[in-house]
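FYI, side chains are in, hydrogens and waters are out, and symmetry mates aren't considered; it's all heavy atoms of this structure. Quick note on labels: first sequence line is chain A, next is B, and so on, each numbered from 1. Predicted model only: the values in this text are computed from it and were never measured.
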Number of protein chains: 2
Amino acid sequence: MPGIPEKKSILDDLAGRGLRLTSQRRAIVETIQDAQGHLDAATLLKLAQKREPRVNRATVYRTLDLLKRLRLIDELDLMHLEGEKHFYETRSKSGHFHLACLSCKKILEHDTPTFARLKQEVSDETGFSIDVVRLEVGGQCPACRNLSGGNSPLKDREVL
Amino acid sequence: MPGIPEKKSILDDLAGRGLRLTSQRRAIVETIQDAQGHLDAATLLKLAQKREPRVNRATVYRTLDLLKRLRLIDELDLMHLEGEKHFYETRSKSGHFHLACLSCKKILEHDTPTFARLKQEVSDETGFSIDVVRLEVGGQCPACRNLSGGNSPLKDREVL
DNA sequence: CTGCTGTTGCAACTGATTCGCAAATAGATA
DNA sequence: TATCTATTTGCGAATCAGTTGCAACAGCAG
C-alpha cells in the first residue's frame, strides 16, 4: 500500500512521472505545502507570486487540476462559506474532515475513528473503490452557541 | 424535536412563516418535490416553467436560496462531476449520502448506521450544533471496476 | 548546445450565480 | 370587494471562479 506523500515529495512525485519541474510549479507546490490554512486559488496565486513573480492565474488552475488528478491534493468546498470558490490542502493532511461554523465562519478540523470505519463500510457495502471522500459539517461552534444564548442556532431573523 | 418536512409541507411551511405563496414559488417547490433525481438550477428552471411559464431564472436562484436557509432543501455538489453547478433535494430525503462514480458519472445514494453515529460523535466530541452534513464519496462503481479490468481505478494514462 | 515537447502567458471566453431597480402582486385591512 | 403596501418578481447587466486557444517559452534528454 503506497504511503501518503510527505512534505517535500510532491515535486519528486511530479518529476518521477516525467513531468517538468518549472519554476512556476515549484512556487505553487511549495506555497501549498508551506501554507498553514486552506488556500483558495486566488490566494494561492498571490502567495506563489511572492516566490516567483512569473506565475500566472491560468497556471495556478492548471497545476491545481494536475495535482488533484494525481491525488496529491484534496479539494474542499468548506460549505461555500465564502462564495463558490474551492480550497486545497495537501493529501498528507488527509484523514480528517472539516467543521464549518456558520456563524463565525471558522473552520475546524476533526477526526474520529468512526470516520475511517465509515469509509471501510461504504466500500464493503457498495463495492465502490473509493478515491476521494469529502465530509463537511456545517453548524455552530460552541463559542457561537454561547453568544447566541443557547438558542436554536438559526432563528428566523437570522435566516430571512 | 421538529420532524423533517414531508412531501406537501414546504409550501405550508413558507406560508406559516408569513412568506407569500406566489405561483412561481409554488411551481418551483412542487417541481423539487416531484423530481425523482437531483436537480440543478437550470433543470429546475426548465421543469418549473412547464408548470408556470412566468418563472424566471433569478427567481429560481432566490427561491433555492430561501429554501436552503430555511433548511427545507439540501444543496449537493456531487463531486463536481458535471461542472460547478449545484444540485438540490428535499430535506425529507436526508439521512443518506452520495457516491459518485468518477468513470460513468452515476450517482448512488447510500446509508449506513455508522453515518448517523458519526454525526452524533462529531457533535459530542466537538460541541458543535450540527445543521448540515455533506458526505460525498468519489470513486469507481463495481460495474466500472470490472470494465477497466480490475486495475487500480486511475492509471496515469487516464489521469494525465 | 540543440531540439523536441511539455508548459506557460495572455486575453478572451464560459457558465453559474447575483444584483439593482422598477413593475407586479399576495394577502392583510377597511 | 376595493385598497394598500411590503414582498416578490422580471429583466438585463454584472460578477465571479474557472477554462481555453494559441503562439511563445523553456525543461531536459541526447
**OP:** Determine, stepwise, if the pair Arg117(A) / Arg117(B) fulfils side chain to side chain contact (heavy atoms under 4.5 Å, CB included).
**Re:** CA-CA 11 Å; Arg117(A) 177 188 315 176; Arg117(B) 177 188 312 175; 2.6 Å; yes

Original post:
Which residue, Pro53(B) or His86(A), contacts DNA chain D at a nucleotide closer to its 5' end, judged by nearest heavy atom?
Top reply: Pro53(B)

**OP:** Quickly work out the Leu11(B) CG to dA26(C) C1' distance and round it to whole Å.
**Re:** 14 Å

Subject >> Nearest-nucleotide comparison on DNA chain C, the residue closer to the 5′ end among Lys68(B) and Ala15(B) >> reply: Lys68(B)

Original post:
Can we say Arg51(A) and Asp34(A) salt-bridge, meaning some charged N sits less than 4.0 Å from an Asp/Glu carboxylate O?
Top reply: yes

Original post:
Hey, does the side chain of Ser9(B) reach the backbone of Asp12(B) with a donor-acceptor pair shorter than 3.5 angstrom?
Top reply: no

Original post:
Looking at the side chain of Lys85(B), which of dT9(D), dT17(C), dG18(D) is the nearest nucleotide?
Top reply: dT17(C)

Subject >> Donor-acceptor pair present, Arg20(B) side chain and dT8(D) base, under 3.5 Å >> reply: no

Original post:
Please give, in whole Å, the distance from dT18(C) P to Arg62(B) CZ?
Top reply: 11 Å

Original post:
dA26(C) C1' sits how many Å from Leu14(B) CG, rounded?
Top reply: 14 Å

Original post:
Distance check: side-chain N/O of Asn56(A) vs OP1/OP2 of dT8(C), anything under 4.0 Å?
Top reply: no

Original post:
How long is the line joining CZ of Arg17(A) and P of dC28(D), in whole Å?
Top reply: 16 Å

Original post:
Over how many whole Å does the gap from Glu84(A) atom CD to dT14(C) atom C1' extend?
Top reply: 16 Å

Subject >> Centroid separation Phe97(B) to His110(B) less than 6.0 Å >> reply: yes

Original post:
Do Arg57(B) side-chain and dT17(C) base share a donor-acceptor contact under 3.5 Å?
Top reply: yes

Original post:
Closer to the 5' end of DNA chain C via nearest nucleotide, is it Leu21(B) or Asp65(B)?
Top reply: Asp65(B)

Subject >> Sugar-phosphate only, base, or nothing, as touched by Ala42(B) at under 4.0 Å among non-hydrogen atoms >> reply: nothing

Original post:
Which part of the nucleic acid does Arg25(B) contact within heavy-atom distance under 4.0 Å: base, sugar-phosphate only, or nothing?
Top reply: sugar-phosphate

Original post:
Side-chain N or O of Thr22(B) less than 4.0 angstrom from OP1 or OP2 on dT9(D)?
Top reply: yes

**OP:** In whole angstrom, give the distance that lies between atom CD of Glu82(A) and atom C1' of dT18(C).
**Re:** 18 Å

**OP:** Kindly say if Tyr61(B) contacts the phosphate of dT17(C), meaning a side-chain N or O under 4.0 Å from OP1 or OP2.
**Re:** yes

**OP:** Please state how far atom NE2 in His80(B) lies from atom P in dG15(C), giving the value in whole angstrom units.
**Re:** 18 Å

Subject >> Which nucleotide in dA11(C), dG18(D), dT17(C) has an atom nearest any side-chain atom of Ala58(A) >> reply: dA11(C)

**OP:** Check the distance between dT20(D)'s P and Leu66(A)'s CG and give it to me in whole angstrom.
**Re:** 15 Å

Original post:
Taking Asn56(A) for the side chain and Ala58(A) for the main chain, is one N or O donor matched with an acceptor at less than 3.5 Å?
Top reply: yes

